[in-house]
Structures are given as structure tokens and as C-alpha cells.
There are 2 protein chains.
Amino acid sequence: MAGDISIGELSRRAGVKVTTIRFYEGAGLMPAPPRSEGDRRLYDAGHVRRLSFIRHARELGFEMEDLRTLLELSDRPDGSCGPVDEIAGRHLAAVEGKIAKLTALKGELSRMLETCNHGAVGECRVIEALADHSHCGGEH
Amino acid sequence: MAGDISIGELSRRAGVKVTTIRFYEGAGLMPAPPRSEGDRRLYDAGHVRRLSFIRHARELGFEMEDLRTLLELSDRPDGSCGPVDEIAGRHLAAVEGKIAKLTALKGELSRMLETCNHGAVGECRVIEALADHSHCGGEH
DNA sequence: CTTGCTCCTACAGTGACTGGAGGATGCAAC
DNA sequence: GTTGCATCCTCCAGTCACTGTAGGAGCAAG
């Protein structure tokens, strides 16, 4: 039961850098674990699960603030999962918004590159397009 | 010709906050303009163009480092626009990569929300999906 | 002369880490 | 026992692209 795990080992198992683990501890996402006599952090399998959860959620783009709530909720398994769905739903909408923005942006970049005749900067369509803000529908 | 523009007016015309303009000056993207007797910055139409260029490029997601190069290039209109195309092309590839990542992410989020039966956190599919890292093809 | 807006500098804070300095610990080989 | 190396510790500064605040000065209108 006491299969103690060093911070380096935890780092390898969860795929999170050692410094980042310590940062998460300071930020309150990971608990301060017990220490060895030589003051080293001693983790267990529960910490690996929690850190993997954090890593996965961060990869999915959840902010640390969301993560704090998500972790708190997952610690109390008998509560309603409504707030969890709310956070995930809000995040999904944000992701969809980002995709839409990036797709528009990609269109503008492609257009810029296609119409450029690759001569001198003076006639560069890319530079012109960047300077001329008028045809990209920006608010202002 | 001397239609002097205050920093606030420049801010309104280019759609960039006053503090951000001063930040750009410190960062070397905007030149330090002449000053009035009362030590206020005096801009002209050229500054409006340059700042609009910067704003537009930033909106398109170019980093300040890229911007420095882009601005330098646009100041010498007789050079080749090859480097410009290179920067824009690199950026386009990055944008396409981001879109792909976000689309995968959107799929995972949707799947999580769809399969959740909205009961207690203990059975919440969203929490489970976040905890279980195995089926999302993450490297590790 | 006062009110209220704009402007000035200088510096701290954001989010989510990352990296380095300078030192302690742990363990294996010699 | 000691040498050497990897790993660990804390603390703090830096990253990016700003944003916000404090504390003051300039300037035009009423």
C-alpha cells in the first residue's frame, strides 16, 4: 500500500514536468504530500490519478480556475454533475468560437499568400493586406 | 502637414489602447514620437498606419517577434518579399495545426457531454472521461 | 479658480508555466 | 570511505502580450 513515488517518478507516470508539479502544489491543484526524512515529496497512486486528470483537462484547454472547480466536484461524488456539464458546455462553446475565428483567419492568410506575386516588398500583397484593414470586416 | 495627433486620438483611430501604445513603444514596435512642450507624445498619419498594421497583424495572431521582422521589411519596400511570405506561410501552417487540434478537442468534449446522463458526479461521464486518459490517443 | 479630462512615468499583476542558482540527499561504484 | 552523479530541495526571475494602478502634471471650459 505504501508504494511511495518520488516526484520524478510521478512526473514520468503522469507526463507532467517536475517543476510544473511543484507549481501545481503551490497553486492548490495538487495537495502537499507527506515528506521523507530527507524532505522529499512522497506520492502514491491517488496522486498519479489526480495529476493525470489535471494534465488531461489542461490539454483540453480548461483553465486552472475551471480545474479547481472540477477537482472539487470530483472529490464529492454524490453531488449533482450539473456544474460539471455547465463548465464543459461553456468550454465547448468557447472552443467552437475559437475554431470559427481561426478558420476566418486561415482564409485571410491563404488569400494574402495566393494573391502575392512574390516580387519586391513594395508590391507584396501580404504587407498590403496587413496594412489595409478595410476589407476584413473588423469592428471599428 | 503638422496635424498632430495625441496618444488618445491615435488610440481611437487605430483601435489600440493607450497603455498598449506605450507598451509597443517600449517594445520597439512603435517609434518614440516627438513630444510637445508639456511632454506629450505627438503622432501623425504615418503612426496611425503603422499602428493599424500592428493591430491587424496581432489580430491575425502574428507574434511580436514576427511583427518586428514584418515591420522592418515593410520599411524597405525594394527588398524581396520572400521572408514575408515565409513568415505568413509558417503562420498559416500553425493556424491549420491549431484548428485540427481544436476540432479533435471539440469532438472529445461533445462526446463527453453526450454520454453523460446528468445524474450524480459519481457517474458523471465528463469527470470519468477527464480522469481516464486512455482513449484519447495522447502521447505517453 | 475649480472641475474634469487627458496625459505622464513607473511599477505590479495576469496565466500557466519554465529555467536557473545554489545547495542537500541518495545511491552505486571504486 | 569517498567520489561522482542523478535527483531532489527552495527561492526567485523570466516568458508573452498586455492590463491596471498610483501619484502626479497639463490643459480647456465654465
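To find a chain, count down the sequence lines: A is the first, B the second, and so on, and within it residues start at 1.
Residue Tyr24(A) has no polar side-chain atom (N or O) positioned under 4.0 Å from OP1 or OP2 of dA16(C). Distances shown here put every side-chain N or O of Ser6(A) at or beyond 4.0 Å from the OP1 or OP2 atom of dT7(D). Contact annotation: Arg35(A) side-chain N/O to dT10(D) OP1/OP2 distance is under 4.0 Å. For Arg41(A), a side-chain nitrogen or oxygen approaches OP1 or OP2 of dT10(D) to under 4.0 Å. Contact between the side-chain N/O atoms of Thr20(B) and the OP1/OP2 oxygens of dT19(D) is found at a separation under 4.0 Å.
Between the C1' atom of dA6(D) and the CD1 atom of Ile7(A) lies a distance of 15 Å, rounded to the nearest Å. One interatomic measurement links the two molecules: CG of Asp4(B) to P of dT6(C), which rounds to 19 Å at whole-angstrom precision. Atom P of nucleotide dT14(C) and atom CZ of Phe23(B) are separated by 17 Å, given to the nearest angstrom. Rounded to whole Å, atom C1' of dA16(C) lies 11 Å from atom CG of Leu67(A). Taking atom CD on Glu9(B) and atom P on dT6(C), their separation rounds to 11 Å, with Å as the unit. Between the CG atom of Leu29(B) and the P atom of dA17(D) there is a distance of 9 Å, given to the nearest Å. To the nearest angstrom, P of dC17(C) lies 13 Å from CE of Met30(A). Protein atom CG of Leu10(B) is 15 Å distant from nucleotide atom P of dT6(C), rounded to whole Å.
Inspection of the Glu108(B) and His56(A) side chains reveals an N or O donor paired with an N or O acceptor under 3.5 Å.
Comparing Phe62(A) and Asp39(B) against DNA chain C, the residue whose closest nucleotide sits nearer the 5' end is Asp39(B). Checking Arg22(B) against Met64(B), the closest nucleotide of DNA chain D that is more toward the 5' end is the one next to Met64(B). Heavy-atom nearest nucleotides on DNA chain D were determined for Arg68(B) and for Arg40(B), and the one closer to the 5' end corresponds to Arg68(B).
Looking at heavy-atom distances under 4.0 Å, Glu37(B) makes no contact with the nucleic acid at all.
Leu71(A) has its side chain within reach of Leu29(A): a pair of non-hydrogen atoms, C-beta onward, lies under 4.5 Å apart.
Checked options Arg13(A), Arg41(A), Met30(A); the residue passing with His47(A) is Met30(A) (criterion: side-chain contact (heavy atoms from CB on, under 4.5 Å)).
One finds no salt bridge joining Arg40(A) and Asp4(A) here, because no Lys/Arg side-chain nitrogen approaches an Asp/Glu carboxylate oxygen to under 4.0 Å. A salt bridge is absent between Arg111(A) and Glu114(A); no separation between the charged side-chain nitrogens and carboxylate oxygens falls under 4.0 Å.
Comparing dC7(C), dT18(C), dC8(D) by their nearest atom to the side chain of Val18(A) picks out dC8(D).
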